[in-house]
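Reviewing the structure listed below.
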2 protein chains.
Amino acid sequence: MNTLFKALSHPVRRRIIEMLRKGPMASGDIAAAFDMTWPTVTGHLNALKEAGLVSPERDGTTIRYRLDISAVEEALAFLLSITGARSPSDGDKDRD
Amino acid sequence: MNTLFKALSHPVRRRIIEMLRKGPMASGDIAAAFDMTWPTVTGHLNALKEAGLVSPERDGTTIRYRLDISAVEEALAFLLSITGARSPSDGDKDRD
DNA sequence: CTTGCATTTAGGGGATTTCCTAATTAGGCA
DNA sequence: TGCCTAATTAGGAAATCCCCTAAATGCAAG
């Protein structure tokens, strides 16, 4: 959960996730979409992989990254537990 | 959004958020719940405040922190946009 | 004003992040 | 084998993070 939210805390990594929403993409194509060097993007992809958010699959010389929805759902579950379950007794305690 | 997810990436800060779910708490009471010094907890509270996740309210000499749900909902919206809107055309691409 | 309590700010040490360039691995093809 | 392309790992500099101790602030009461 720790690495998961940390991975989500970087704009480049969030954008990669958004790109992968439409389907898997090759590492090079992902890197080309950013204004930074390829090794740097590889680093971000590794962070996402560590967080369980993406998984790489090799196809010949190219490596495609696929979004892993289940990890996103873990984060989602935490946030929903916050917004979803408020104690009704102090919802409007200081209304004036 | 950046500071928001970064704030969520630390276990102590997530724990504080969970504690605040039941209602506002004094800084000292929050600090007492952890095995670290009070200044350190103040630092975490500042991170949460920067992220818009909590807001402090002074009452005499004590300072109470209240959870700010709307910030949580921002993060929620991002994650839902990932899980919620998959392109149906490539959802089952390798089904042969 | 002085004392006391709740809380924050200041400053520093050690670990981690983020980016770069240079070197390396891995696969496909002559 | 040797070469080209795709992609990663290695290593290092600058910034940031996390935790601590020590000092400061804000408020209330005597």
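In what follows, every chain begins at residue 1, and chains take the letters A, B, ... in the order their sequences are listed. Computed from a predicted structure; not experimentally measured.
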Just to be sure I understand the rule, does Ala26(B) reach a base, reach only the sugar-phosphate, or reach nothing, if contact means heavy atoms closer than 4.0 Å? sugar-phosphate

Phosphate contact (dC18(D) OP1 or OP2) by Arg13(B) side-chain N/O below 4.0 Å: yes

Sugar-phosphate, base or nothing in reach of Thr37(A), heavy atoms under 4.0 Å: base

Grab the CG-P distance between Leu45(A) and dA6(D) for me, whole Å please. 16 Å

Could you check whether Thr42(B) gets within reach of a base, just the sugar-phosphate, or nothing at all, counting any heavy atom under 4.0 Å? base

Could you tell me how far apart Ile16(B) (CD1) and dC18(D) (C1') are, to the nearest whole angstrom? 13 Å

Of the listed nucleotides (dC27(D), dA6(C), dT21(C)), which one gets closest to any side-chain atom of Trp38(B)? dA6(C)

Nearest-Å distance, CG (Asp35(B)) to P (dC18(D))? 17 Å

Which listed nucleotide (dC19(C), dC20(D), dT9(D)) is nearest to the side chain of Asn46(A)? dT9(D)

Using a heavy-atom cut-off of 4.0 Å across all strands, would you classify Ser27(A) as base, sugar-phosphate, or nothing? sugar-phosphate

Separation of dC27(D) C1' from Arg64(B) CZ (nearest whole Å): 14 Å

CD1 (Ile63(A)) and CD (Glu57(A)) are apart, to the nearest 0.5 Å, by 10.5 Å

Specify the residue among Gly60(B) and Thr40(B) whose closest nucleotide of DNA chain D lies further upstream toward the 5′ end. Thr40(B)

Can you tell me if the side-chain N/O atoms of Tyr65(B) get under 4.0 Å from OP1 or OP2 in dA6(C)? no

Rounded to the nearest Å, what distance is computed from the CD1 atom of residue Ile30(A) to the C1' atom of nucleotide dA7(D)? 12 Å

Here's a test for you: under side-chain contact (heavy atoms from CB on, under 4.5 Å), which of Thr42(B), Val54(B), Val12(B), Leu45(B) qualifies with Ile30(B)? Leu45(B)

Identify whether any heavy atom of Phe34(B) sits under 4.0 Å from a base atom; if not, whether one sits that close to sugar-phosphate; answer base, sugar-phosphate or nothing. nothing

Minimum-distance nucleotide (side-chain atoms of Met36(B) versus dC17(D), dA7(D), dC20(D)): dC20(D)

Nearest of dT17(C), dA6(D), dC20(D) to any side-chain atom of Thr61(A)? dA6(D)

Please say whether more than 12 non-hydrogen atoms of neighbouring residues, nucleotides or ligands are located less than 6.0 Å from CD in Glu50(A). no

Choose from dT9(D), dT8(C), dA6(D) the nucleotide whose nearest atom is closest to any side-chain atom of Ile63(B). dT8(C)

Give a yes or no answer on whether the side chain of Arg13(B) reaches the backbone of Ala7(B) with a donor-acceptor pair at less than 3.5 Å. yes

Think His10(A) has a side-chain N or O under 4.0 angstrom from the OP1 or OP2 of dT16(D)? no

For Ala71(A) and Ala51(A) the tightest heavy-atom approach is CB-O, 4.0 Å

Measure CG/Asn2(B) against C1'/dT18(C) and give the value in whole Å, please. 12 Å

Nearest-Å distance, CD (Glu57(B)) to C1' (dC27(D))? 17 Å

Take Ala47(A) and Gly43(B), find for each the nucleotide of DNA chain C with the closest heavy atom, and name the residue whose nucleotide sits nearer the 5' end. Gly43(B)

Does a nitrogen or oxygen in the side chain of His44(B) sit under 4.0 Å from OP1 or OP2 of dC19(D)? yes

Between dA6(C) (P) and Met25(B) (CE): distance, integer Å: 15 Å

Taking C-beta and beyond as the side chain, do Leu53(B) and Leu8(B) meet within less than 4.5 Å on heavy atoms? yes

